[in-house]
Protein chains: 2
Amino acid sequence: MNFQEISRQLRKNGHKVTPQRMAIIQTVLGSTELLTPSSIFEKVKKTDPGVGEVTVYRTLNILESLGMVCVVHTDEKTHSYISCPTEHHDHLICSDCGKVVNFTHCDLGTLEKRLTAESGFNINDHRLDFYGRCEKCDRKQCKAKTPAEIRTHRESCH
Amino acid sequence: MNFQEISRQLRKNGHKVTPQRMAIIQTVLGSTELLTPSSIFEKVKKTDPGVGEVTVYRTLNILESLGMVCVVHTDEKTHSYISCPTEHHDHLICSDCGKVVNFTHCDLGTLEKRLTAESGFNINDHRLDFYGRCEKCDRKQCKAKTPAEIRTHRESCH
DNA sequence: GAGCTAATTGACAATAAGTTTCATTTACTA
DNA sequence: TAGTAAATGAAACTTATTGTCAATTAGCTC
């Protein structure tokens with residue numbers, strides 16, 4: 001998604017196109033790894049020091065409402081976000097480096113029918129996340145323990 | 001799981017059996033609906049007013065470490081817990097009343113193989129949650145909007 | 001292009017979930 | 001029935017996120 005498409009998408013939904021917003025959006029959409037509000041803030045600050053942390057939170061809410069990012073549930077206490085396609089998809093998440101791969105065609109139709117019959121539930125949605133190690137991390141096993149080590153390791157994977 | 005099994009399980013793992021702990025555990029394990037720390041606190045307070053909210057948090061952490069409850073990810077900002085079997089299972093969650101049904105045999109082997117081949121990921125875990133309406137709620141569509149209305153509605157479903 | 005207006009921004013304050021601390025109490029063991 | 005380490009409750013603390021508000025700005029209208 002390029003600058004113009006993003007701008008159009010924003011305006012179509014009644015949002016203004018501001019430099020802060022665009023800086024944040026380009027950082028988020030240009031990444032394939034899991035991002036937290038504060039990690040986004042840190043990244044954006046390097047190129048656009050004028051952007052406030054609160055604006056990151058606000059922009060993430062807009063992106064979520066537009067379906068351009070997903071909230072990924074991790075064991076951490078902060079929200080994690082990942083840029084994603086707007087059609088239905090699920091996630092493969094690397095537990096070492098935070099890389100996320102979207103995949104489509106989860107083919108849960110059969111399972112869903114079985115569960116509907118067994119439970120009486122009227123199912124209308126699901127969330128499927130696979131966890132494991134991406135190819136890179138699987139080769140160089142991660143030994144990082146401290147937050148700083150994990151950050152270094154993650155950077156070496158991207 | 002009865003009183004004695006729970007006690008044994010606790011002692012086996014180096015935890016003491018206290019009245020507060022047992023009150024909390026029996027409330028949690030005796031429920032099929034999603035519970036938050038504060039909703040558990042409210043329930044327990046009715047029968048055992050002496051139990052503090054912090055003890056609820058501490059007990060939930062123990063139950064989680066023993067694999068007796070799962071954290072279920074919702075859109076709410078508080079953690080939600082559900083009593084669950086210790087072997088692998090996934091969840092069906094009613095978005096109206098919070099009822100949770102555990103199911104086994106998710107049969108994701110084929111999908112997992114495909115994704116491993118396509119992505120190079122070494123997958124070792126997954127999380128699959130189906131969302132929808134349970135049979136009861138599907139019949140009497142939920143119109144509740146305010147927290148108080150939702151609470152009333154939920155109580156009427158259990 | 002100038003002016004208007006409502007949305008956006010950043011700084012700061014407020015909130016709330018969850019954790020830590022610590023003096024006191026209590027479950028288990030010897 | 002002590003002794004001791006774990007557990008408890010109350011209060012303080014931490015930290016992610018949200019709300020407030022005056023100043024700024026994007027995008028519309030003329």
Linking I/L/V/M/F/W/Y whenever any side-chain heavy atoms sit under 4.5 Å apart, do A:Val101 and A:Leu34 land together?
no
When you match B:His79 and A:Gly50 each to their closest nucleotide on DNA chain C, which lands nearer the 5' end?
A:Gly50
Options [options], nucleotide nearest the side-chain atoms of [X]:
| X | options | result |
| --- | --- | --- |
| B:Val51 | D:dG9, C:dC12, D:dA16 | D:dG9 |
| B:Gln20 | C:dG18, D:dG9, C:dT8 | D:dG9 |
| B:Val54 | C:dT8, D:dA16, D:dA10 | D:dA10 |
| A:Tyr57 | D:dT17, C:dA17, C:dG10 | D:dT17 |

side-chain contact (heavy atoms from CB on, under 4.5 Å) for B:Cys94 and B:Glu33? Distances and angles first, verdict last.
CA-CA 9 Å; B:Cys94 176; B:Glu33 72 192 291; over 6 Å; no
Give the rounded distance in Å between these two atoms: [atom1] of [X] and [atom2] of [N].
| X | N | atom1 | atom2 | value |
| --- | --- | --- | --- | --- |
| A:Glu53 | C:dA11 | CD | C1' | 12 Å |
| B:Leu10 | D:dA5 | CG | P | 21 Å |
| A:Arg21 | C:dA7 | CZ | P | 11 Å |
| A:Lys16 | D:dT25 | NZ | P | 12 Å |
| B:Asp75 | D:dT17 | CG | C1' | 15 Å |
| B:Asn61 | C:dT20 | CG | P | 9 Å |
| A:Asp48 | C:dT9 | CG | P | 12 Å |
| B:Arg11 | C:dC28 | CZ | C1' | 8 Å |

Side chain to side chain contact (heavy atoms under 4.5 Å, CB included) partner of B:Val28, chosen from B:Ile82, B:Thr59, B:Leu35
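The single option meeting the side chain to side chain contact (heavy atoms under 4.5 Å, CB included) with B:Val28 is B:Leu35.
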Taking the ring centre of each residue, are B:His91 and B:His73 less than 6.0 Å apart?
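Here the rings of B:His73 and B:His91 have centres that are no less than 6.0 Å from each other.
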At under 4.0 Å between heavy atoms, what does A:Arg58 touch on the DNA or RNA strands: base, sugar-phosphate, or nothing?
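Base, at least one base heavy atom under 4.0 Å.
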CA sep, side-chain torsions, deciding dist, call: A:His88, A:His126, ring pair (Phe, Tyr, Trp, His ring centres under 6.0 Å):
CA-CA 10 Å; A:His88 174 75; A:His126 71 257; 4.7 Å; yes
Below 4.0 angstrom from OP1 or OP2 of D:dT17, is there any side-chain N or O of A:Thr78?
no
Distance check: side-chain N/O of B:Thr18 vs OP1/OP2 of D:dT8, anything under 4.0 Å?
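Checking D:dT8 against B:Thr18, a side-chain N or O does come within under 4.0 Å of OP1 or OP2.
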